[in-house]
Amino acid sequence: MRRFPAVARRAKAGPRCWSRASVGKPGDARALPVIRVRFAPSPTGYLHVGGARTALFNWLFARRHGGAFILRIEDTDAERSSWDMVAGIVDGLRWLGLDWDEGPDTGGPHGPYFQSQRLDRYRAMAERLVVDGLAYYCYCSPDRLKAKRDEAEQAGRAWKYDRACCELTPDRIAAFEAGAAPRAIRFRVPPGRTSFDDLVHGHIEFDHEHLEDFVLLRSDQHPTYQLSVVVDDIDMEITHVVRGDDHISNTPKQLLLYAAFRQPIPRFAHVPLILGPDKKRLSKRHGATSVTEYRRRGYLPEAMVNFLSLLGWSPGADREVFTRDELVAAFTLEGISGGNAVFNPEKLDWFNAQQMQRMPAAELAGRLEPWLRESGLWEDRYATADRAWLERLVDLIRPRMKRLPDFLDQARPFLVDTVEYDPAAGEKYLSDPTLADHLRVLADELPPADRFQPDQIEAAVRRTAERRRVKAATLIHALRVAMTGRSVSPGIFDVLAVLGPDRVRDRLDRVHHFLASS
RNA sequence: GUCCCCAUCGUCCAGAGGCCCAGGACGUGGCCCUUUCAAGGCCAAAACACGGGUUCGAAUCCCGUUGGGGACGCCA
């Protein structure tokens, strides 16, 4: 039930669709983009993974069809909106690589892109509806309404605005105005039914009976969400509204507004929500939900994008790992599933490992640099003379990484001059008194600098083991502790090779001192 | 309470009436590789919520039940 038979039907009978109305003629260089979508966050919080996925779906859809992706800031709630939040959201989107064609900073022909800068426009549109008789002034005090609502809730009844101001006489109105009573504007909901064909849920229908005469313009002259979203989507020529499931029940109200303004309606695609492990709407108590937090923890934007794209969407094939471009090529709104999705951090880890695995070493090394600097392990020569060496190290470590900072710990033995022996490791692998002689022999067997490669080193170790009549494992384990100070590391022959002959010799000397003194 | 959405392995998805005693991925268990830890390879356990229809045939269509989610603001 999520295919497009509805398109043809609607095109015949229903209001015009943007998707048809805005298609340019072939050869018309100035044709409007066929597709215009937007992400419209409210800066009352950080960019959370749910919002990020909504943004991603919009972005993928726009890029897939060569359309426009617009960023609009819904900051009409001045109380709760803040600049920091705007900056954070913008930052998060940039990090994910979701660039916009029109928005607060980039500008564009349909600006401004802050709702707080479009207040006059909303007011004018609301007044227009009053003039047309489609909306009316409401002088009810919020306190009175709240009391009524609470009362109804107590009684277990549904509350709907009682239309006290719907048909006021001119006298009453004059009285209110004379008393300078604050007034809001409410939409006059006509009787009937409203339906639409959602791109992910199919046909959805509402009886107006369940709608109340909702407020368009608050008494402080600020618009409500219902008004501003519709006015902006009209002004910005939005063709497809891709947003969270939680907006389904707002859609009939908005549809009524499009009709009242006599404007073509966009198509809607309501994407399911992201839930926490307890199947509740994802929130702070589920741990990290902010995109920034995942960045801070060392996840790659590629992994985040990959993971998020597959939460509630499927390319229709048994394929999981995608680059951003591959996602763009594969994305369709029809692939969005209808049910909510549970956020699974373990799978995110896997995607992160996969993306690190597939990235060129040079690229990964670049991502690691800030982390190395931060932890004091960085040397400038890693950017110049030892760049190739660093990339070799990256190749050695990366199969063992889940997140970026994993590198710091695992690569440490390669980045410091002297390693501390882990007591337990020393106890276990350096307690054999014959080890000193074995290792002395090994030191002589090790290949010269120009042939200091894993296979040559391995041959030397095995040869030594045979000669000394000990198991290769004995030497190997001892070597691991000597080289890294630990009992776990990458393959030891690779470790020696990457360490290089000089440092290997240093560390062998050091282990001899250690063995002699214990 | 009312309205709306949803319902396949623990989790994310595939599945458009016969291709399905249901496929892939994460996670889990085992084996292989192996000097450790990973990575990788192979194998395994693991699901169509329930009840009615429709049909020669239903995971797929319809109805109901149950369960989950969302919305019912002068928040967005």
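Convention: sequence-line order gives letters A, B, ...; per-chain numbering from 1. Note that these values count all heavy atoms, side chains included, but never hydrogens, waters or copies made by symmetry.
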Once you round it to whole Å, what is the distance between P of B:C37 and CG of A:Asp409?
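Taking atom P of B:C37 as the reference, CG of A:Asp409 is at 16 Å.
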
Hey, is the side chain of A:Arg218 poking within less than 4.0 Å of OP1 or OP2 on B:C75, counting only N and O atoms?
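Looking at the OP1 and OP2 atoms of B:C75, one of them is under 4.0 Å from a side-chain N or O of A:Arg218.
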
From [options], nucleotide with atom closest to [X] side chain:
{"X": "A:Asp245", "options": "B:G24, B:C5, B:C74", "answer": "B:C5"}
{"X": "A:Arg462", "options": "B:U35, B:U36, B:A76", "answer": "B:U35"}
{"X": "A:Glu212", "options": "B:G73, B:C5, B:C75", "answer": "B:G73"}
{"X": "A:Ile204", "options": "B:C74, B:C5, B:U11", "answer": "B:C5"}
{"X": "A:Ser42", "options": "B:U36, B:A76, B:C74", "answer": "B:A76"}
{"X": "A:Glu320", "options": "B:U11, B:G24, B:U36", "answer": "B:G24"}

Could you please name the partner base of [N], counting Watson-Crick and G-U wobble pairs only when both distances are under 3.5 Å?
{"N": "B:G18", "result": "B:C56"}
{"N": "B:U28", "result": "B:A44"}
{"N": "B:A71", "result": "B:U2"}
{"N": "B:C50", "result": "B:G64"}
{"N": "B:U35", "result": "none"}

Kindly assign one of parallel, tilted or perpendicular to the pair A:Tyr421 and A:Phe514, based on the angle between their ring planes and the thresholds 30° and 60°.
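The arrangement is perpendicular - the two ring planes meet at more than 60°.
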
So, does the side chain of A:Ser249 form a donor-acceptor pair with the base of B:C3 at under 3.5 Å?
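Donor-acceptor pair under 3.5 Å: no.
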
Donor-acceptor pair present, A:Glu153 side chain and B:G1 base, under 3.5 Å
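A donor-acceptor contact between them is absent.
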
If you count heavy atoms of other groups shown closer than 6.0 angstrom to CD of A:Glu205, is the number above 12?
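For A:Glu205, atom CD is crowded (more than 12 foreign heavy atoms under 6.0 Å).
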
A:Glu427 atom CD, over 12 foreign heavy atoms within 6.0 Å:
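No - once you tally the heavy atoms of other residues, nucleotides and ligands closer than 6.0 Å, there are 12 at most.
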
Taking A:Lys402 first and then A:Asp349, would you say they form a salt bridge - that is, a charged N and a carboxylate O separated by under 4.0 Å?
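Between A:Asp349 and A:Lys402 there is no salt bridge, as every charged N stays at least 4.0 Å from the carboxylate O atoms.
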
